[in-house]
Amino acid sequence: MEIDNQSNWDSYVDWKNRPAINNRHGGLVAASFVLGVEVLENLAFLANASNLVLYMSEYMHFSPSTSAISVTNFMGTAFLLALLGGFLSDAFFTTYYIYLISALIEFLGLVILTIQARSSSLMPRKCELGVPNMPCEQVHGAQAAMLFIGLYLVALGVGGIKGSLPPHGAEQFDESTPRGRKHRSTFFNYFVFCLSFGALIAVTFVVWMEDNKGWQWGFGIATLAIFLSIPIFLAGSPFYRNKIPRGSPLTTISKVIIAALLNSSASSSKNSSTVIASMTSSPSPPIPASKDVESIETAPSSSLSFLNRAVSDTPACGVLKCTVQQVEEVKIVMKLLPIFACTIMLNCCLAQLNTFSVHQAASMNTKVGSLKVPPASLPVFPVVFIMILAPVYDHFIIPFARRVTKTEMGISHLQRIGIGLFLSIVAMAIAALVEIKRKGVVTDSGLIDSAKPLPITFFWIAFQYLFLGSADLFVLAGLLEFCFSEAPVSMRSLATSLSWASLAIGYYLSSVIVSIVNRVTGISTNKPWLAGRNLNHYHLDRFYWLMCILSALNFMHYLFWATKYKYASVKSSK
């Protein structure tokens with residue numbers, strides 16, 4: 001019996017709901033299917049998202065700023081819905097089933113968008129800017145409904161996938177051993193690598209097809225990619241181990257917070273010694289040391305002490321009786337939130353890569369020899385850099401750091417995130433300087449109101465893409481692993497989804513900042529910085545300087561919380 005117990009993965013089952021077995025389920029083979037699926041999944045998403053701002057302006061006839069807001073809202077919704085995917089994975093279903101359901105939903109949305117792009121009767125009439133007899137009429141009515149139904153079905157599917165696929169891959173490793181934890185760290189690095197590989201295909205081949213063969217080809221390729229990801233994911237079923245859902249993590253969080261508030265008011269007249277005795281007598285269910293908490297404690301820790309009031313033998317309400325374990329789990333999640341909040345500003349800057357930066361590149365000379373490069377292919381620069389940096393980081397930088405620091409991580413998650421946030425400051429400063437140069441060329445060439453390409457190469461825009469792409473690598477991989485490894489097991493999918501929620505809030509915040517900037521500058525100067533159809537009349541350089549300043553303030557805010565944070569899962573190198 002002892003051998004049988006050791007051979008089973010505790011709290012995990014296979015795809016047929018049988019106990020998962022050690023050496024048969026999980027490991028690198030199982031995770032490799034997840035990495036392959038991520039290539040196709042991100043290809044399907046970014047094939048259109050990277051170029052969507054031009055589709056919205058040129059085919060649906062939105063203004064540049066309205067197109068930018070529409071795209072950021074779509075991207076933001078997709079990433080925010082990752083919280084829903086993570087919640088359902090933890091509470092009711094496994095990450096296995098959430099991925100399959102979400103992929104089918106995204107497939108349906110892409111089919112709708114493909115049908116619309118293929119039929120001219122489902123799109124606004126073609127127009128030409130400045131030609132009186134060919135006015136540009138913004139999409140409306142049933143056509144607009146079809147567009148946004150398709151887009152937001154895609155957003156719902158993408159959200160479910162983002163909330164389930166990374167934790168599904170990370171769950172394949174045994175975190176009770178240093179080898180398993182190192183393999184898990186490698187998985188997150190290569191997850192970002194595969195995400196970038198899918199993006200590389202999307203921003204080169206698929207974007208070229210959209211610009212030269214038509215958008216029905218772009219949507220069609222994305223549809224095919226997400227369809228193919230489903231049988232590939234299913235092929236890994238015999239190897240996966242799936243975490244058994246433990247009920248709603250939001251219920252636990254709400255229960256502890258409400259209990260702390262009610263018990264505080266109910267016991268305000270009691271002797272403090274009675275409260276301490278109550279806490280120490282509260283039972284805690286036995287769990288392995290590698291699971292939700294590192295060690296079983298008989299009394300809550302001193303941090304976030306106001307939550308300790310949730311532990312009482314005489315609670316204000318019987319259904320709100322909480323264990324020490326539940327209180328400590330909620331404390332861990334609450335300590336993650338300030339770190340999560342500090343990454344939002346970076347993602348607000350990243351939103352510019354899919355909006356204004358694409359418009360900037362479109363106004364410049366995009367020819368490389370005889371080849372005309374689509375402006376939406378500009379992300380190829382950071383994508384290629386990430387694909388080079390990710391394996392170098394995992395196979396050379398981290399082993400070297402481990403030898404130097406004598407720690408298991410080498411470079412901590414928080415240090416990695418901090419490097420990314422600093423790079424975002426540099427990126428926005430470079431973006432402002434490049435826009436100043438571009439506007440200088442506009443003035444010198446007398447092409448302010450012309451649609452002709454400017455006599456300046458679009459490679460100048462590549463610099464801001466390079467630095468922001470590098471920042472994204474450090475922050476995304478660092479935050480994914482940080483949230484997964486620090487969060488309680490019962491809340492890991494939801495906690496990992498915070499990485500995508502940060503992207504979502506960043507995209508929404510970008511839209512809000514653009515609106516606020518236009519409102520304030522419109523009142524003070526009667527000419528908003530970022531309004532109109534002509535990018536050459538924008539004060540985009542000032543906007544980028546503003547983003548640079550906000551990023552610097554955010555970095556100082558991050559340093560405050562990062563230096564105070566105490567890891568819940570620190571282990572010595574072995």
Side-chain angles (χ1 to χ4, degrees), residues 41-81 106 109-118 122-124 136 138-139 143-159 161-162 198-223 225-226 347 350-362 373-380 383 461 465 503-504 506-508 510-511 514 533 535:
E41 180 275 322
N42 209 45
L43 189 163
F45 178 46
L46 286 186
N48 306 301
S50 61
N51 207 18
L52 188 60
V53 67
L54 295 182
Y55 180 70
M56 299 291 276
S57 59
E58 295 179 6
Y59 293 88
M60 297 299 168
H61 308 323
F62 290 101
S63 69
S65 60
T66 305
S67 298
I69 291 173
S70 297
V71 172
T72 52
N73 288 343
F74 162 72
M75 300 281 281
T77 301
F79 289 125
L80 190 62
L81 286 170
E106 183 178 353
L110 287 169
V111 168
I112 293 173
L113 293 173
T114 303
I115 293 172
Q116 182 175 39
R118 185 176 175 81
L122 299 175
M123 300 176 68
C136 293
Q138 182 175 306
V139 65
Q143 295 175 345
M146 187 174 187
L147 170 67
F148 287 109
I149 287 172
L151 282 176
Y152 283 94
L153 277 175
V154 171
L156 178 60
V158 168
I161 291 172
K162 299 297 186 188
L200 178 64
I201 301 172
V203 301
T204 52
F205 173 68
V206 181
V207 166
W208 184 88
M209 293 291 289
E210 288 168 349
D211 287 355
N212 293 275
K213 300 296 182 179
W215 269 84
Q216 68 273 21
W217 284 93
F219 286 127
I221 293 170
T223 304
I226 197 63
N347 294 310
L350 282 171
Q352 311 313 319
L353 293 184
N354 294 314
T355 54
F356 291 124
S357 293
V358 175
H359 282 296
Q360 283 178 286
V373 180
S377 290
L378 267 176
V380 70
V383 163
I461 302 293
Y465 274 81
L503 274 166
Y507 276 100
Y508 284 132
S510 175
S511 298
V514 169
R533 289 188 173 273
L535 191 71

Atom pairs and distances, donor-acceptor, side-chain atoms in residues 143-152, under 3.5 Å, two or more places apart:
unit_1: Q143; atom_1: NE2; unit_2: S121; atom_2: O; d: 3.2
unit_1: Q143; atom_1: NE2; unit_2: M123; atom_2: O; d: 3.2

Worked check of side-chain contact (heavy atoms from CB on, under 4.5 Å) between Y55 and F219: CA-CA 11 Å; Y55 180 70; F219 286 127; 3.9 Å; yes
Stepwise side-chain contact (heavy atoms from CB on, under 4.5 Å) check, M75 with L503: CA-CA 8 Å; M75 300 281 281; L503 274 166; over 6 Å; no
Test side-chain contact (heavy atoms from CB on, under 4.5 Å) applied to F45 and I226, step by step: CA-CA 9 Å; F45 178 46; I226 197 63; over 6 Å; no
Candidate pair M209 and W215, rule side-chain contact (heavy atoms from CB on, under 4.5 Å), full reasoning: CA-CA 7 Å; M209 293 291 289; W215 269 84; over 6 Å; no
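Looking at residues two or more places apart in sequence or on another chain, you find a side-chain contact (heavy atoms from CB on, under 4.5 Å) between A199 and N42, L46, V383. For the side-chain contact (heavy atoms from CB on, under 4.5 Å) test, residues two or more places apart in sequence or in another chain that qualify with S511 are I69, T72, N73. In this view, E41 and K162 satisfy the salt bridge (Lys or Arg N to Asp or Glu O under 4.0 Å) rule, not counting sequence neighbours. By the side-chain hydrogen bond (donor to acceptor under 3.5 Å, both in side chains) test, T223 pairs with T114, sequence neighbours left out. For F74, there are no ring-ring contact (aromatic ring centres under 6.0 Å, His included) partners two or more places apart in sequence or in a different chain.
Scanning all heavy atoms of the two residues, the minimum distance from A47 to V206 falls at CB-CG1, 3.4 Å. Here the closest non-hydrogen pair linking L110 and A44 is CD1-CB, 4.4 Å. Between I461 and S357, the shortest heavy-atom distance links the atoms CG2-O, 4.2 Å. For the pair E210 and G218, the tightest heavy-atom approach, listed with the atom from each and the gap, is CG-CA, 3.4 Å.
No side-chain heavy atom of T77 sits under 4.5 Å from any side-chain heavy atom of Y507. A 4.5 Å side-chain heavy-atom check between L200 and L43 finds every atom pair outside the cut-off. Contact of the V71 side chain with the M56 side chain is registered, since non-hydrogen atoms from C-beta on lie closer than 4.5 Å. Using a 4.5 Å cut-off on side-chain heavy atoms (C-beta onward), E106 and L153 make no contact.
Between L113 atom CG and Q116 atom CD the span is 7.0 Å, to the nearest 0.5 Å.
Between F79 and Y508, the distance separating the two ring centers is not shorter than 6.0 angstrom.
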